Amino acid sequence: QVQLVESGGGSVQAGGSLRLSCATSVYTYSMSHCMGWFRQAPGKEREGVAVMRTGDGDTSYDDSVKGRIIISKEPFENILYLQIDALKPEDTAIYYCAADLGGSGHCPSLVEADFEYWGQGTQVTVSS
């Protein structure tokens with residue numbers, strides 16, 4: 001059973017930074033596997049933020065967060081990170097960690113349907 005547990009969310013003021021963590025129950029290092037972060041703002045659909053192919057570290061970012069967000073994974077660790085800088089009120093959302101271990105063929109992709117494992121989410125609230 002694959003488990004993903006997010007942490008690091010909280011309430012911050014605009015302009016601040018946060019680093020989210022996702023602890024996973026499996027170690028993956030594959031050109032067919034992706035891990036990523038999605039978010040869901042109040043009243044909106046869940047959207048892809050950043051994903052990483054675990055085999056070579058290739059990444060994909062949503063255009064709205066490029067330059068402010070970095071996805072990373074320490075070698076040989078089962079932890080995925082998301083560094084968010086220059087936080088804006090519109091970044092307020094529940095942030096979910098997800099894993100594509102089924103070889104969707106689209107990795108790195110921001111397509112939600114490609115990811116079969118999900119964490120419970122961590123809340124990020126940004127005040128102006």
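Count residues from 1 along the sequence. Small disclaimer: the values here were computed from a predicted structure and weren't measured.
- Ile71 and Val5 fall into different hydrophobic clusters, where Ile, Leu, Val, Met, Phe, Trp and Tyr are joined by side-chain heavy atoms under 4.5 Å apart, directly or via other members.
- Take Phe38 and apply the ring pair (Phe, Tyr, Trp, His ring centres under 6.0 Å) test, not counting sequence neighbours, and it matches Phe115, Trp118.
- Rounding to the nearest 0.5 Å places CD of Gln40 at 8.0 Å from CD of Glu45.
- Side-chain atoms of Thr54 come within 3.5 Å of backbone N or O of Ser30 as a donor-acceptor pair.
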Contacts table for residues 86-94: side-chain donor-acceptor under 3.5 angstrom, sequence neighbours left out:
unit_1	atom_1	unit_2	atom_2	d
Asp91	OD1	Arg39	NH1	2.9
Asp91	OD1	Arg68	NH2	2.9
Asp91	OD2	Arg68	NH1	2.8
Asp91	OD2	Arg68	NH2	3.3
Asp91	OD2	Lys88	N	2.8
Thr92	OG1	Pro89	O	2.9
Thr92	OG1	Val126	N	2.9
Thr92	OG1	Val126	O	3.4

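- Taken to the nearest 0.5 Å, the CE atom of Met35 stands 11.0 Å off from the SG atom of Cys107.
- If you take OG on Ser7 and CZ on Arg19, they are separated by 9.5 Å, rounding to the nearest 0.5 Å.
- In plain terms, the two heavy atoms of Ile69 and Val49 that are nearest each other are CD1-CG1, 3.7 Å.
- Tyr96 and Met52 end up in different hydrophobic clusters when Ile, Leu, Val, Met, Phe, Trp and Tyr side chains are linked at under 4.5 Å.
- Residues passing the side-chain hydrogen bond (donor to acceptor under 3.5 Å, both in side chains) test with Gln83 are Asp85, sequence neighbours excluded.
- The backbone N or O of Leu101 sits less than 3.5 Å from a side-chain atom of Glu116, completing a donor-acceptor pair.
- In terms of modelled atom types and a separation under 3.5 Å, the side chain of Ser60 and the main chain of Val51 share no donor-acceptor contact.
- We find the CD1-CG distance between Ile84 and Leu20 to be 4.5 Å, quoted to the nearest 0.5 Å.
- By the 6.0 Å contact criterion, CD on Glu77 is enclosed, its count of non-hydrogen atoms from other residues, nucleotides or ligands being greater than 12.
- Listed for the Glu6 side chain is no donor-acceptor partner under 3.5 Å among the backbone atoms of Thr122.
- Checked by atom type and distance alone, the side chain of Tyr81 never pairs as donor or acceptor with a backbone atom of Ile70 at under 3.5 Å.
- Closest heavy-atom contact between Ile79 and Lys73: O-CG, 3.4 Å.
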Practice task
May I have the step-by-step check of side chain to side chain contact (heavy atoms under 4.5 Å, CB included) for Cys97 and Leu80, ending in yes or no?
Solution key: CA-CA 8 Å; Cys97 177; Leu80 184 74; 4.1 Å; yes
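- When the side chains of ILVMFWY residues are joined at heavy-atom separations under 4.5 Å, either directly or via intervening members, Leu82 and Leu18 end up in a single hydrophobic cluster.
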